[in-house]
Amino acid sequence: TDPAVIRNFCIIAHIDHGKSTLADRMLQTTGVVSDRDMRAQYLDRMDIERERGITIKSQAVRMPWSVAGTDYCLNMIDTPGHVDFTYEVSRSLAACEGALLLVDAAQGIEAQTLANLYLAMENDLAIIPVLNKIDLPAADPDKYAQELANLIGGSPEDVLRVSGKTGVGVEALLNRVTELVPPPVGDPNAPARAMIFDSVYDAYRGVVTYVRMIDGSLSPREKIQMMSTRAVHELLEIGVSSPEPRPSQGLSVGEVGYLITGVKDVRQSKVGDTVTTSNKPATEALPGYTDPKPMVFSGLYPIDGSDYPILREALDKLKLSDAALNYEPETSVALGFGFRVGFLGLLHLEIITERLRREFDLDLIATAPSVIYEVMTDDKKVAIVTNPSEFPGGKIASVREPVVKAAVLAPKDYVGTIMELCQSRRGNLLGMEYLGEDRVELRYSIPLGEIVFDFFDHLKSRTQGYASLDYEPMGDQEADLVKVDILLQGEQVDAFSAIVHRDKAYAYGVLMTERLKNLIPRQQFEVPIQAAIGARIIARESIRAIRKDVLAKCYGGDISRKRKLLEKQKEGKKRMKMVGRVEVPQEAFIAALSGD
Ligand code: GDP
Ligand code: MG
């Protein structure tokens with residue numbers, strides 16, 4: 001294809017502003033999906049994506065579009081909008097020359113609208129502002145067109161108005177893309193360089209790698225080389241998605257398509273890497289490859305200990321399609337055998353645990369999410385701690401914690417509430433700006449450890465759902481953090497250890513000891529429950545002793561009922577975990593960790 005008629009663009013938006021729905025209408029309007037085959041969120045292929053209405057993986061589609069006698073080739077890349085997947089968003093952007101900045105005409109600009117816009121500007125993309133959902137009765141396109149014009153410059157009249165639902169304005173939008181998005185430029189005679197912007201695992205085809213050709217070309221059966229690892233693979237199939245995969249005779253400058261090599265693991269074909277050929281390799285990789293770094297860690301334990309091998313297998317399987325997933329075996333006194341799993345963020349954590357439950361039928365306990373701490377002891381040894389129970393004992397010289405730059409957008413009436421919440425989470429106000437008359441952006445630096453601890457839930461509930469949040473890493477800082485242990489009859493229960501700021505240690509201790517007091521049944525002896533920092537006890541409760549006698553309730557008589565009760569008790573015992581001499585039902589751990 002002649003690069004002059006290629007237009008590569010993506011759609012960027014805050015979650016729920018209608019990217020996937022608009023993508024559907026474009027597929028229909030350009031005729032690549034017939035009305036009969038159309039289904040909602042056509043490109044969201046995973047069950048979880050469809051049910052939750054969110055996009056997790058990017059998708060690319062090639063669509064023909066003719067304007068005034070010229071046949072264009074449009075490549076649309078639908079991106080995930082969520083903070084956890086920012087790296088994927090930024091790789092998708094790097095594969096494009098233009099971006100549709102989509103904004104819900106009833107909501108206006110939100111936190112991820114800004115975050116994505118900044119990413120697009122860093123990649124020098126032509127930006128086309130679009131108001132979506134103009135069919136909604138609550139839509140106020142005049143107001144938000146002005147808001148968008150203020151943000152990106154230009155006049156409100158330049159803002160397109162569409163409805164992904166009804167299809168209104170979609171043709172005009174496609175025409176605008178051909179006008180405003182520049183054609184790709186690259187050297188057709190140079191050694192091949194293709195950027196990987198997505199890599200997915202397919203049970204039938206193995207890993208499918210989505211690329212954008214920058215220089216040169218690739219053709220079927222060529223030997224390709226990954227520039228980061230130097231690994232060479234044979235190209236079994238090369239093609240384009242339209243939106244179903246269609247093998248082609250190759251990819252040339254500016255084209256977007258897929259490669260299949262028979263590798264079985266997405267780590268061998270990483271997002272951001274450069275693909276070249278092994279007989280005429282490029283010397284310099286394209287910029288932008290970074291390994292996704294896990295930011296949030298949690299221990300995952302099967303409720304039924306015999307499920308451990310299934311959990312291991314399930315994680316191995318998910319890893320094939322998720323290069324960002326990290327895990328290693330871990331054992332807990334309280335919870336048995338499990339894994340410490342690293343995630344990109346909270347949504348990533350939620351998606352993985354949900355897939356484990358659903359696709360592998362596993363019942364799991366997840367420990368409270370933790371971040372990475374760098375702990376230096378007095379003898380200058382540095383420990384990297386992702387599990388609070390591994391916090392070093394003895395004298396601590398310093399603790400460093402990750403910090404994020406958070407942007408919160410909300411109507412101005414909520415400014416006070418939001419400031420209060422952010423301050424209670426050790427946030428520092430960096431700046432505040434009005435986006436229009438009544439909407440404000442607040443920028444904070446906040447420890448990530450405070451955000452993973454139900455920050456988003458509090459933000460939503462205190463603002464009636466009106467606030468939106470986006471954050472990005474901004475390094476780390478020293479903080480006065482301590483480990484609080486929870487002890488049952490003097491024995492530490494590792495799953496409940498937490499790393500918290502010294503000012504919040506007491507509150508955490510009181511909360512957990514009270515919670516456990518209510519959850520753990522009385523035993524034959526008194527059981528003290530304590531919270532401690534090192535050897536110092538900071539909170540204490542106790543469970544009084546009883547003489548447990550199940551048969552006492554039965555008033556003699558009914559023998560079969562007695563037997564049933566005894567059996568029931570035996571069964572219940574199997575689900576008990578011993579912490580020292582104390583029997584704790586597994587349910588108590590689950591309830592204490594889930595916090596309700
Ligand atoms: P995404 O998260 O940006 O991909 O958003 P979706 O395409 O999944 O849309 C989010 C929600 O908005 C869904 O319930 C859609 O049905 C709805 N929606 C999307 N576009 C429109 C539109 O133009 N009009 C109306 N009324 N609803 C829309
Ligand atoms: Mg979507």
Side-chain angles (χ1 to χ4, degrees), residues 10 45-46 55-60 77-80 82-96 119 123 191-203 205-216 218 222-239 241 245 251 255-278 281-296 315-328 341-345 348 351-352 473:
C10 55
R45 283 161 200 263
M46 269 196 265
T55 308
I56 298 166
K57 300 297 286 184
S58 323
Q59 289 283 349
I77 294 172
D78 185 23
T79 60
H82 193 273
V83 283
D84 286 7
F85 306 101
T86 295
Y87 181 67
E88 289 197 13
V89 178
S90 78
R91 291 303 85 204
S92 305
L93 296 186
C96 301
L119 282 176
N123 282 286
R193 290 201 297 175
M195 192 197 67
I196 301 180
F197 64 87
D198 198 12
S199 189
V200 301
Y201 176 74
D202 178 308
R205 304 194 290 164
V207 172
V208 182
T209 302
Y210 291 90
V211 297
R212 148 78 196 263
M213 285 308 301
I214 305 290
D215 295 320
L218 288 173
E222 222 165 350
K223 285 220 176 352
I224 58 167
Q225 185 168 39
M226 302 296 162
M227 291 195 73
S228 73
T229 59
R230 307 255 150 236
V232 174
H233 305 289
E234 181 149 14
L235 204 47
L236 302 179
E237 186 180 321
I238 184 166
S241 314
L251 294 173
E255 286 193 294
V256 173
Y258 67 85
L259 313 175
I260 294 176
T261 59
V263 305
K264 284 268 176 276
D265 180 340
V266 292
R267 278 171 296 178
Q268 291 169 279
S269 192
K270 299 185 212 175
V271 172
D273 204 349
T274 303
V275 180
T276 186
T277 57
S278 69
T283 47
E284 222 176 297
L286 297 161
Y289 178 70
T290 52
D291 250 328
K293 274 202 206 69
M295 305 275 284
V296 176
L315 285 168
D316 287 346
K317 271 217 179 101
L318 291 181
K319 174 98 200 172
L320 291 177
S321 59
D322 188 345
L325 185 62
N326 273 275
Y327 50 91
E328 53 187 56
V341 187
F343 303 94
L344 296 174
H348 190 211
I351 288 167
I352 293 293

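The figures that follow rest on heavy atoms only: side chains count, while hydrogens, waters and symmetry mates do not. Residues take their numbers from the sequence shown, with the count starting at 1. What you are looking at is a predicted structure, and each value in this text was computed from that prediction instead of being measured.
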Set of residues satisfying side chain to side chain contact (heavy atoms under 4.5 Å, CB included) with respect to Met295, sequence neighbours excluded
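Result, side chain to side chain contact (heavy atoms under 4.5 Å, CB included) vs Met295: Leu448, Pro473.
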
For Ile214, enumerate each residue passing the side chain to side chain contact (heavy atoms under 4.5 Å, CB included) test, keeping only those at least two apart in sequence or located in another chain.
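Here the qualifying residues are Arg212, Leu286.
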
Distance from [X] atom [atom1] to [Y] atom [atom2], nearest 0.5 Å?
{"X": "Cys96", "Y": "Phe197", "atom1": "SG", "atom2": "CZ", "answer": "7.5 Å"}
{"X": "Ile351", "Y": "Leu318", "atom1": "CD1", "atom2": "CG", "answer": "11.5 Å"}
{"X": "Ile260", "Y": "Arg205", "atom1": "CD1", "atom2": "CZ", "answer": "4.0 Å"}
{"X": "Met195", "Y": "Asp273", "atom1": "CE", "atom2": "CG", "answer": "10.5 Å"}
{"X": "Leu218", "Y": "Ile238", "atom1": "CG", "atom2": "CD1", "answer": "5.0 Å"}
{"X": "Lys319", "Y": "Leu325", "atom1": "NZ", "atom2": "CG", "answer": "5.5 Å"}

Give the minimum heavy-atom separation between [X] and [Y], together with the two atoms involved.
{"X": "Ser241", "Y": "Ala60", "answer": "CB-O, 3.4 Å"}
{"X": "Arg193", "Y": "Ala282", "answer": "CG-CB, 3.5 Å"}
{"X": "Pro294", "Y": "Asn326", "answer": "CG-ND2, 3.7 Å"}
{"X": "Asn123", "Y": "Ser90", "answer": "ND2-O, 4.2 Å"}
{"X": "Leu236", "Y": "Gly262", "answer": "CD1-N, 3.8 Å"}
{"X": "Gly206", "Y": "Lys264", "answer": "CA-NZ, 4.3 Å"}

Would you please name every residue forming a side chain to side chain donor-acceptor pair (under 3.5 Å) with [X], sequence neighbours left out?
{"X": "Gln268", "result": "none"}
{"X": "Glu234", "result": "none"}
{"X": "Tyr201", "result": "none"}

Side chain of Gln225, backbone of Arg230: donor and acceptor closer than 3.5 Å?
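Yes; judged by distance alone, with no hydrogens or angles, the pair exists.
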
Sidechain-backbone polar pair: Ser199 side chain, Ser269 backbone, donor-acceptor under 3.5 Å
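Side chain of Ser199 to backbone of Ser269, a donor-acceptor pair under 3.5 Å: yes, one is there.
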
Who pairs with Phe343 by ring-ring contact (aromatic ring centres under 6.0 Å, His included), at least two apart in sequence or on another chain?
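So Phe343 forms a ring-ring contact (aromatic ring centres under 6.0 Å, His included) with His348.
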
Close side-chain approach of [X] to [Y], heavy-atom, < 4.5 Å:
{"X": "Val207", "Y": "Thr261", "result": "no"}
{"X": "Tyr258", "Y": "Asp198", "result": "no"}
{"X": "Met226", "Y": "Lys270", "result": "no"}
{"X": "Thr276", "Y": "Ile224", "result": "no"}

